Amino acid sequence: MPAPNYTQHLPPGAKVAVAMSGGVDSSTAAALLVEQGYDVFGIMLRLWSEPGREHANRCCTPDAMALAKRIAAQLDIPFYAIDAKDVFHDKVVQYFLDGYTQGVTPNPCLVCNRHIRWEFLLNRALTLGADYMATGHYAQTIRIPGEPVKLLQGIDPKKDQSYVLGALDQAQLQHAIFPVGGYTKPEIRTMAEKFQLPAARIKDSQDLCFLAGTDYPSFLGRHAPQTADPGPIVTTGGEQLGEHQGLAFYTIGQRKGLGIAHSEPLYVLAKQADSNTLVVGTADELGQSALTAGNANWVSGRPESAPFQAMVKIRYTAGLVPGLVTPLDDEHFAVQFDQPVRDITPGQAAVAYHGSEVILSGIIQKAQGKQPQPYQAIRLVK
RNA sequence: UGGGGCGUGGUGCAACGGCAGCACACCGGACUUUGAAUUCGUUGAUCCUGGUUCGAAUCCAGGCGCCCCGG
């Protein structure tokens with residue numbers, strides 16, 4: 001069994017709040033911390049749900065809440081439920097709706113981690129006397145006294161979640177513990193069995209919790225009906241192939257759902273908000289070589305000023321690709337990739353790594369290079 | 001109202017007279033704490049009526065529909 005890295009330089013017996021969800025990872029995290037002798041308590045968010053659909057919210061159904069409470073009781077730790085409905089709606093759901101309304105593809109999980117879990121919830125945990133807060137994220141930290149806390153990828157490359165934590169700052173990381181990040185998912189499941197946690201066999205969570213079991217287009221339809229604005233689907237040559245139902249329902253690189261029969265698969269190359277046009281093309285037209293990002297977060301708290309080579313991830317489930325990162329100003333940076341990269345999508349995060357260490361995170365504002373030629377959208381169909 | 005061409009799943013195309021196949025789309029599953037991607041799989045068709053033939057998407061006749069030329 002690998003050494004539990006997360007205990008590095010943690011005071012023995014420290015008081016640790018565990019953000020619980022009722023799932024395997026956070027439950028095992030809590031059990032591990034209890035086993036390590038920390039003074040543990042459980043804490044869980046009550047998040048916003050669509051009125052009338054509360055039972056379908058995957059993050060915090062009454063069932064999940066009851067399960068987490070039961071696990072806490074089994075571990076013999078206190079458990080607190082924290083209401084975060086309003087702040088979650090204001091920060092996350094609104095961000096989600098605004099992003100799609102503006103024509104980008106937002107990642108609400110990033111915002112939730114930054115503003116809900118690691119701000120709102122962390123503050124509650126500290127108020128409740130905690131020294132640290134733990135979550136079930138597959139990520140790792142390194143604490144060396146006198147140095148910034150480092151954020152590392154989880155050991156399990158298939159489960160690594162450091163990408164969604166790249167927006168955390170030092171004030172947050174100082175208090176962060178990721179007990180499961182030093183283990184693989186199978187190891188965690190095995191431990192959950194060993195601890196006899198009822199969550200051991202529960203399927204991993206997925207999809208956006210607040211969508212209430214529906215798909216996001218129908219959620220947009222209910223909460224941002226103005227996004228249902230049909231317009232032309234055209235090729236880079238300007239030929240119209242069909243009609244889209246609203247740019248918000250598509251994202252860069254998307255293949256399914258275009259409804260266009262063609263001799264080969266077509267993918268979304270670009271969304272042109274000004275002309276309400278969806279630009280599509282073949283697989284070999286995908287791929288761009290550079291991006292610029294905003295909302296820069298230097299994890300160490302110490303921004304670089306010179307360009308540097310790094311491995312960069314442009315969406316949650318993507319490989320690391322090499323590129324040159326160039327800081328532009330306090331808020332912005334650019335990345336020039338060594339090779340063209342598919343599906344660089346405004347609204348998603350670009351996260352730069354040195355080895356397994358997260359250096360820098362930002363929100364992609366635009367992709368550049370090998371961009372489809374600008375053209376005038378022309379209606380050619382009858 | 002002369003000539004020529006074409007009618008096959010939702011779309012675009014294949015099939016020497018011999019089990020109607022492919023691509024795209026659609027639908028479903030897997031994967032995934034975002035949207036996607038990827039992957040596995042299921043549906044689904046010979047314009048109509050006759051004729052020739054052991055056997056017709058294929059050959060013949062007629063009908064219906066569409067396209068091009070008739071500068």
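This structure is a prediction, so every number in the text was calculated from the model and none was measured. Numbered from 1 within each chain, the chains take letters A, B, ... in sequence-line order.
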Whether [X] contacts [N] is assessed here as follows: a side-chain N or O lying under 4.0 Å from the phosphate OP1 or OP2. Is that the case?
X        : N      : result
A:Tyr95  : B:rG35 : no
A:Tyr316 : B:rU32 : no
A:Lys159 : B:rU33 : yes

What's the gap between [N] and [M] when it is taken at their [atom1] atoms, as a whole Å value?
N      : M      : atom1 : answer
B:rC69 : B:rA36 : C1'   : 48 Å
B:rG17 : B:rU46 : C1'   : 15 Å
B:rG5  : B:rU42 : P     : 40 Å
B:rC27 : B:rG62 : P     : 44 Å
B:rG55 : B:rC19 : P     : 15 Å
B:rG70 : B:rU8  : P     : 27 Å
B:rG12 : B:rC59 : C1'   : 27 Å
B:rG71 : B:rG65 : C1'   : 27 Å

(request) For A:Gly259 and for A:Gly253, locate the closest nucleotide of RNA chain B by heavy-atom distance; then report the residue assigned to the nucleotide nearer the 5' terminus. (result)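 It is A:Gly259, whose closest nucleotide lies nearer the 5' terminus.
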Find the distance [X]:[atom1] to [N]:[atom2] and express it as a whole number of Å.
X        : N      : atom1 : atom2 : result
A:Phe249 : B:rA36 : CZ    : P     : 12 Å
A:Leu266 : B:rC24 : CG    : P     : 10 Å
A:Glu243 : B:rG10 : CD    : P     : 22 Å
A:Ile116 : B:rU33 : CD1   : P     : 21 Å
A:Asp98  : B:rG35 : CG    : P     : 18 Å
A:Asp25  : B:rU33 : CG    : C1'   : 9 Å
A:Lys158 : B:rU39 : NZ    : P     : 14 Å
A:Asn113 : B:rU33 : CG    : C1'   : 9 Å

How is [X] classified with respect to the nucleic acid when contacts are heavy atoms under 4.0 Å: base, sugar-phosphate, or nothing?
X        : result
A:Leu258 : sugar-phosphate
A:Tyr267 : sugar-phosphate
A:Arg255 : sugar-phosphate
A:Tyr100 : sugar-phosphate
A:Gly257 : sugar-phosphate
A:Tyr216 : sugar-phosphate

Closest listed nucleotide, where the reference is the side chain of [X] and the choices are [options]:
X        : options                : answer
A:Asn107 : B:rA37, B:rU33, B:rU34 : B:rU34
A:Pro265 : B:rC24, B:rC26, B:rU38 : B:rC24
A:Thr105 : B:rG35, B:rC24, B:rA36 : B:rG35
A:Arg315 : B:rG35, B:rA37, B:rU33 : B:rG35
A:Pro108 : B:rA36, B:rU38, B:rU34 : B:rU34
A:Cys109 : B:rA36, B:rU33, B:rA37 : B:rU33
A:Gln348 : B:rU33, B:rC24, B:rG35 : B:rG35

(message) For A:Gln339, I'd like to know if atom CD has over 12 heavy atoms of other residues, nucleotides or ligands within 6.0 Å.
(response)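 Open.
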(request) Look at atom CZ of A:Arg342 and say whether more than 12 heavy atoms of other residues, nucleotides or ligands are closer to it than 6.0 Å. (result)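 More than 12 heavy atoms, drawn from other residues, nucleotides or ligands, come within 6.0 Å of this atom.
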Looking at [N], which nucleotide sits across from it as a Watson-Crick or G-U wobble partner, both distances under 3.5 angstrom, or is there none?
N      : value
B:rC59 : B:rG51
B:rC6  : B:rG65
B:rA20 : none

(message) Using the ring centroid of each side chain, check whether A:His115 and A:Tyr95 are separated by less than 6.0 Å.
(response)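 Distance test on ring centres: not under 6.0 Å, no.
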(message) Looking only at the aromatic ring of each residue, does the gap between the centers of A:Tyr132 and A:Tyr38 stay below 6.0 angstrom?
(response)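 No, the ring of A:Tyr38 stays outside the 6.0 Å limit from the ring of A:Tyr132, centre to centre.
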(request) Classify the ring geometry between A:His244 and A:Tyr250 as parallel (under 30°), tilted (30 to 60°) or perpendicular (over 60°). (result)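 Judged by the thresholds at 30° and 60°, the geometry between A:His244 and A:Tyr250 is perpendicular.
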(message) Can you tell me how the ring of A:His89 sits relative to the ring of A:Trp48, calling it parallel under 30°, perpendicular over 60° and tilted otherwise?
(response)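 Tilted, since the angle between the ring planes falls between 30° and 60°.
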(message) Does any part of the side chain of A:Phe120, heavy atoms only, come nearer than 4.5 Å to the side chain of A:Arg124, both counted from C-beta?
(response)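 Yes, side chains in contact.
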(request) Could I get the full list of ring pair (Phe, Tyr, Trp, His ring centres under 6.0 Å) partners for A:Phe249, not counting sequence neighbours? (result)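 By the ring pair (Phe, Tyr, Trp, His ring centres under 6.0 Å) rule, A:Phe249 matches no residue at all.
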